[in-house]
Number of protein chains: 2
Amino acid sequence: MKNPIENLNKIFDSRIRLGIMSALMVNTDVNFNELKELLGITDGNLASHLKTLEESAFVKVQKGFIGRKTNTTYSITKGGEKAFKQHLEALEKMIGSVK
Amino acid sequence: MKNPIENLNKIFDSRIRLGIMSALMVNTDVNFNELKELLGITDGNLASHLKTLEESAFVKVQKGFIGRKTNTTYSITKGGEKAFKQHLEALEKMIGSVK
DNA sequence: AAAAAGCACTTTGAAATACAAAGTACAACA
DNA sequence: TGTTGTACTTTGTATTTCAAAGTGCTTTTT
């Protein structure tokens with residue numbers, strides 16, 4: 001048997017970062033409050049996980065306005081997409097070997 | 001959109017516990033040293049993750065001998081199988097929504 | 001018989017991570 | 001002017017992770 005977890009990315013061990021990434025894979029741009037509601041976490045907690053993902057260059061930020069309100073949206077980077085897909089493939093492999 | 005992570009089990013956030021569970025799903029009995037080598041971790045680390053899984057009643061222990069050497073094997077419980085399958089389904093759903 | 005090695009842990013301690021809550025900055029609105 | 005909303009940052013605590021060392025028991029080696 002082979003190590004079933006060696007290809008998993010440590011960054012995505014966190015359920016919250018996993019959630020952020022899937023949201024951003026499905027929707028090209030998601031704003032801060034949408035993410036916050038979707039995941040049901042506090043803003044501080046969300047901000048810090050987003051920071052981790054930004055520092056890994058998996059996620060990027062766009063600052064703008066809706067009307068006159070500030071609106072910060074997040075989207076996935078090329079590298080983030082690649083890393084996340086690899087992670088999902090590793091998960092699928094693991095799931096496949098189990099079923 | 002729905003929260004993609006709400007059905008994930010916190011116990012399985014850990015890559016190592018994930019690895020232990022998949023190993024035990026595929027192989028009915030796995031001994032301590034096999035697990036240790038498979039996952040490439042120290043014995044203390046493995047023991048503590050196994051303890052967490054035992055305390056959740058997801059894994060059970062059998063102590064025996066191979067010849068005259070002690071041999072401890074681990075296997076998954078009914079409850080562990082159920083919980084792990086639910087977790088995998090939640091992962092699959094998440095992956096499905098992404099792909 | 002004594003020493004060394006193997007197995008399966010437990011304990012210890014340090015580092016990293018997670019998270020809530022409170023605080024901050026800035027613009028808009030009343 | 002004061003309050004609200006957005007998007008944070010800071011702070012402090014709790015939890016988790018993990019390696020390393022230590023333990024107890026047994027077998028093997030010398």
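In what follows, every chain begins at residue 1, and chains take the letters A, B, ... in the order their sequences are listed.
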(request) Take atom CG of A:Leu50 and atom C1' of D:dA7, then tell me their distance rounded to the nearest Å. (result) 10 Å
(request) Starting at atom CZ of A:Phe12, determine the distance to atom P of C:dA18, rounded to an integer number of angstrom. (result) 13 Å
(request) For B:Leu53 and B:Met21, run side chain to side chain contact (heavy atoms under 4.5 Å, CB included): C-alpha distance rounded to whole Å, both residues' side-chain angles, the deciding distance at 0.1 Å, then the answer. (result) CA-CA 9 Å; B:Leu53 291 171; B:Met21 291 300 283; 4.1 Å; yes
(request) Tell me, please, which residues at least two apart from A:Asn33 pass side-chain contact (heavy atoms from CB on, under 4.5 Å). (result) A:Asn31, A:Lys36
(message) What is the distance, to the nearest angstrom, from the NZ atom on A:Lys63 to the P atom on C:dA25?
(response) 15 Å
(request) To the nearest 0.5 angstrom, please state how far the OG atom of A:Ser48 sits from the CD1 atom of A:Ile16. (result) 8.0 Å
(message) Quick check for you: among C:dA8, D:dA7, D:dT9, whose closest atom lies nearest to any side-chain atom of B:Tyr74?
(response) C:dA8
(request) Decide if atom CD of A:Glu37 counts as having more than 12 heavy atoms of other residues, nucleotides or ligands within a radius under 6.0 Å. (result) no
(message) Looking at every non-hydrogen atom in both residues, tell me the closest pair between B:Val26 and A:Val98 and how far apart they are.
(response) CG2-CA, 4.0 Å
(message) Minimum heavy-atom separation for B:Ala57 and B:Thr77, please, with both atom names.
(response) O-OG1, 2.6 Å
(request) Establish, with yes or no, whether the OP1 or OP2 oxygen of D:dT6 is under 4.0 angstrom from a side-chain nitrogen or oxygen of A:Thr72. (result) no
(request) Rounded off to whole Å, could you give me the CD1-to-C1' distance for the A:Ile11 and C:dA16 pair? (result) 13 Å
(request) Report which part of the nucleic acid A:Asn33 touches: base, sugar-phosphate, or nothing (heavy-atom distance under 4.0 Å, all strands). (result) sugar-phosphate
(message) Given B:Asp13, which partner from the list A:Lys10, A:Arg17, A:Arg15 fulfils the salt bridge (Lys or Arg N to Asp or Glu O under 4.0 Å) test?
(response) A:Arg15
(message) Does this structure show an ion pair linking B:Glu89 with B:Lys93, if we count only N-O contacts that are shorter than 4.0 Å?
(response) no
(request) Find the distance B:Leu35:CG to C:dA8:C1' and express it as a whole number of Å. (result) 12 Å
(request) Give the rounded distance in Å between these two atoms: CG of B:Asp43 and C1' of C:dT12. (result) 15 Å
Atom pairs, N/O to N/O, protein against nucleotides 23-30 of chain D, distance under 3.5 Å?
residue : atom : partner : partner atom : Å
D:dT27  : OP1  : B:Arg68 : O            : 3.4

Protein N or O to nucleotides 14-18 of chain D N or O, pairs below 3.5 Å:
residue : atom : partner : partner atom : Å
D:dT17  : OP2  : B:Arg17 : NH1          : 3.1
D:dC18  : OP2  : B:His49 : NE2          : 3.3

(message) If I take atom CG in residue A:Leu46 and atom P in nucleotide D:dT9, what distance separates them, rounded to the nearest angstrom?
(response) 11 Å
(request) Measure from CD1 on B:Ile41 to P on D:dA19 and round the result to the nearest Å. (result) 8 Å
(request) Take the angle between the ring planes of B:His87 and B:Phe12 and call it parallel below 30°, perpendicular above 60°, tilted in between. (result) perpendicular
